[in-house]
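So the structure is just underneath, and the comments pick up after that.
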Amino acid sequence: GLRRGYGLAMEESAACGATPPSLQLGWLPPGADPLTPLRAAARSSLLVAPPAAPLAPYGQLAEQQRLTVLLPLQRGSSLDGLPQLRGADALWPIVPARSLEADRLAEALLADGHRRVMVVRDQSAESRALSDRFVASFNNGRGVVIGPNGEPISVDGDDRAAIDQLLSDVDWYRPPALVVLTGPGSSLARSVREARWPQDVLLAWPFRPDKPLTGAQLGIDPLSRGEGWQAFAQRFERRWGYGPGLVESAGYDTGLIAALAAVPAAGRPGWDLHWFNSKARPLPLCSALKQRRLGESVRPLGAASRIDLGAGVSPTAQLRLSRT
């Protein structure tokens, strides 16, 4: 999916009269240090890192090799310390961080008038980071997290006694909403879906609820969108025969940046992304390529995000709500 999205951007840049950058693929095991295999490859100027890349080695690599590194599918808690890493000024996240989902969920609950909520999370580091972000955002909007300790409750979804205690706590505190910060396939999500909650308690998730329950649910559509999403989705489906998701749109936005970076302007290539302007009016690819040839700063029209990104900083996007 990532390569199909990327390839569509290359095809469109060629149709605009540009020469797409060459693509060399190398496969790395998850978490592998990229230095050794990259030294054995042809010299590159722009590197597209694999999903969930270990950021410290890539930052050092970018600094040592004078590379620009795009992070097409880096979304989790590893981004929290990215700005402080060595070489962070050459690491560019392409899709919004998951913290944006926590902010959007807090915003939606407050807008619906739910100013008192209970928060439960699983025991993973990712869930802890997401719950910390949600609480900060919810508190900033003058919301209050209630419960035994007034903070998120860590629960093992396979621990029947812990689930029973959570049911008892909800029955005692009667929150208008129970915010469940976990992944859609986790044991905690499964146990919460199977439990019987008071009819008036809203279940809020950081993902789209996959099936209706007896009570109301609020979730976040995981598909982040930029201004160029609709047109991209139509073109992608015509090209590949299915509707794209986050991975495909991340590949497309990565391709947009690569195609624009490949354009030489003012006698120098743009691999360092100094030509990128996160505050510029977003332009369709052909218009952006034309501006690049003139040596102008540009920002392309993104599909997965608004492409208002920066080195060490994730972009923002529109996140739609999902209700059942």
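Since we're looking at a predicted model, the values are computed, not measured.
Rounding to the nearest 0.5 angstrom, the gap separating the CG atom in D171 from the CH2 atom in W197 is 10.0 Å. Distance check: S314 OG to L82 CG gives 7.5 Å after rounding to the nearest 0.5 Å. Note that CZ of R121 is 9.0 Å distant from CD of E151, once rounded to the nearest 0.5 Å. Atoms CZ and OG1, on R208 and T324 in that order, are 11.5 Å from each other to the nearest 0.5 Å. With rounding to the nearest 0.5 angstrom, the CG atom of L70 is 4.5 Å from the CD1 atom of I94. Distance CZ/R133 to CZ/F138: 15.5 Å, rounded to 0.5 Å.
With contacts defined as side-chain heavy-atom distances shorter than 4.5 Å, the pair R193/L213 qualifies. Counting heavy atoms from C-beta on, the side chains of E126 and R98 come closer than 4.5 Å. Contact annotation: the side chain of P315 never approaches that of V95 to less than 4.5 Å [non-hydrogen atoms, C-beta and beyond]. Contact check for I257 versus P300: side-chain heavy atoms found under the 4.5 Å cut-off. Residues S13 and L289 have side chains in contact (heavy-atom distance under 4.5 Å, counting atoms from C-beta outward). Side-chain contact between W271 and L67: absent, with no pair of heavy atoms (C-beta onward) separated by less than 4.5 Å. No side-chain heavy atom of V298 sits less than 4.5 Å from a side-chain heavy atom of F276. Within the 4.5 Å cutoff, the side chain of D221 has no heavy atoms near those of the F207 side chain.
Smallest separation of non-hydrogen atoms from A311 and A90: CB-N, 4.4 Å. The shortest heavy-atom contact between T254 and P72 is OG1-CB, 3.3 Å. Between S322 and P209, the closest heavy-atom pair is OG-CD, 3.7 Å. Nearest heavy-atom pair, C16 versus R293, reported as atom, atom and distance to 0.1 Å: O-NH2, 3.7 Å. Considering all non-hydrogen atoms of both residues, A162 and D156 come closest at CB-O, 4.4 Å. Across all non-hydrogen atoms, the minimal contact from A258 to Y6 is CB-OH, 3.7 Å.
Under a 3.5 Å cut-off, the side chain of E107 and the backbone N or O of A102 do not form any donor-acceptor pair. The main-chain N or O of L188 is never found under 3.5 Å from a side-chain atom of S191 such that the two would form a donor-acceptor pair. A donor-acceptor pair under 3.5 Å is formed between the side chain of N140 and the backbone N or O of A136. Looking at R292, its side chain does come within 3.5 Å of a backbone N or O of V263 through a donor-acceptor pair. One N or O on the side chain of S249 and one on the backbone of L246 form a donor-acceptor pair closer than 3.5 Å. When atom types are taken as modelled, the side chain of N277 and the backbone of K279 share a donor-acceptor pair closer than 3.5 angstrom. Within the 3.5 Å criterion, the main-chain N or O of G183 finds a donor-acceptor partner in the side chain of S186. Checking side-chain atoms of Q199 against main-chain N and O of T214 turns up a donor-acceptor pair under 3.5 Å. Judged purely by atom type and a 3.5 angstrom limit, S287 has no side-chain atom pairing as donor or acceptor with the backbone of L283. Checking side-chain atoms of S127 against main-chain N and O of Q123 turns up no donor-acceptor pair under 3.5 Å.
In this structure, R239 pairs ionically with E11, as a charged nitrogen and a carboxylate oxygen lie closer than 4.0 Å. With salt bridges taken as basic N to acidic carboxylate O contacts below 4.0 Å, none links D132 and R128.
The aromatic ring centres of Y242 and W240 sit 6.0 Å or more apart.
With 3.5 Å as the limit, one finds no donor-acceptor pair spanning the side chains of S278 and D308. Under 3.5 Å, the side chains of D272 and H274 contain a donor-acceptor pair of N or O atoms. Under the 3.5 Å distance criterion, with hydrogens and angles disregarded, a donor-acceptor pair is assigned to the side chains of E12 and Y252.
Cluster annotation: V192 and W172 are assigned to the same hydrophobic cluster (Ile/Leu/Val/Met/Phe/Trp/Tyr, side-chain heavy-atom contacts under 4.5 Å, transitive). Note on L2 and W92: separate hydrophobic clusters, where clusters join Ile, Leu, Val, Met, Phe, Trp and Tyr whose side-chain heavy atoms are under 4.5 Å apart, directly or indirectly. Both W229 and I307 are assigned to one and the same hydrophobic cluster, defined by single-linkage of ILVMFWY side chains at heavy-atom distances under 4.5 Å. Two different hydrophobic clusters hold V48 and L73 under the rule that ILVMFWY side chains link at heavy-atom gaps under 4.5 Å. Hydrophobic clustering, with ILVMFWY side chains joined whenever heavy atoms are under 4.5 angstrom apart, groups I146 together with L166.
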Decide yes or no on side chain to side chain contact (heavy atoms under 4.5 Å, CB included) for Y58 and L85, but give the supporting numbers first. CA-CA 10 Å; Y58 277 88; L85 280 182; over 6 Å; no

For L55 and L71, what are the C-alpha separation, side-chain angles and deciding distance, and is it a side chain to side chain contact (heavy atoms under 4.5 Å, CB included)? CA-CA 9 Å; L55 296 185; L71 303 167; 3.8 Å; yes

When you look at R323 and D112, which way does the side chain to side chain contact (heavy atoms under 4.5 Å, CB included) test go after all the steps? CA-CA 12 Å; R323 299 179 188 270; D112 285 353; 2.8 Å; yes

What's the verdict on side chain to side chain contact (heavy atoms under 4.5 Å, CB included) for E101 and R75, showing C-alpha distance, side-chain angles and the deciding distance? CA-CA 11 Å; E101 297 171 358; R75 306 191 66 216; 2.8 Å; yes

Run the salt bridge (Lys or Arg N to Asp or Glu O under 4.0 Å) check on R306 and D253 step by step: do they pass? CA-CA 10 Å; R306 296 187 177 98; D253 285 0; over 6 Å; no

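Of the residues listed (D122, D158, D210), the one engaging R190 in a salt bridge (Lys or Arg N to Asp or Glu O under 4.0 Å) is D158, and it is the only one.
Applying the salt bridge (charged side-chain N to carboxylate O under 4.0 Å, His left out) test to every pair with at least one member in residues 224-233, sequence neighbours left out, gives these pairs: E227-R299.
Heavy atoms of other residues, nucleotides or ligands lying less than 6.0 angstrom from CZ of R235 number more than 12. Within a 6.0 Å radius of CD in Q230, no more than 12 heavy atoms belonging to other residues, nucleotides or ligands are found.
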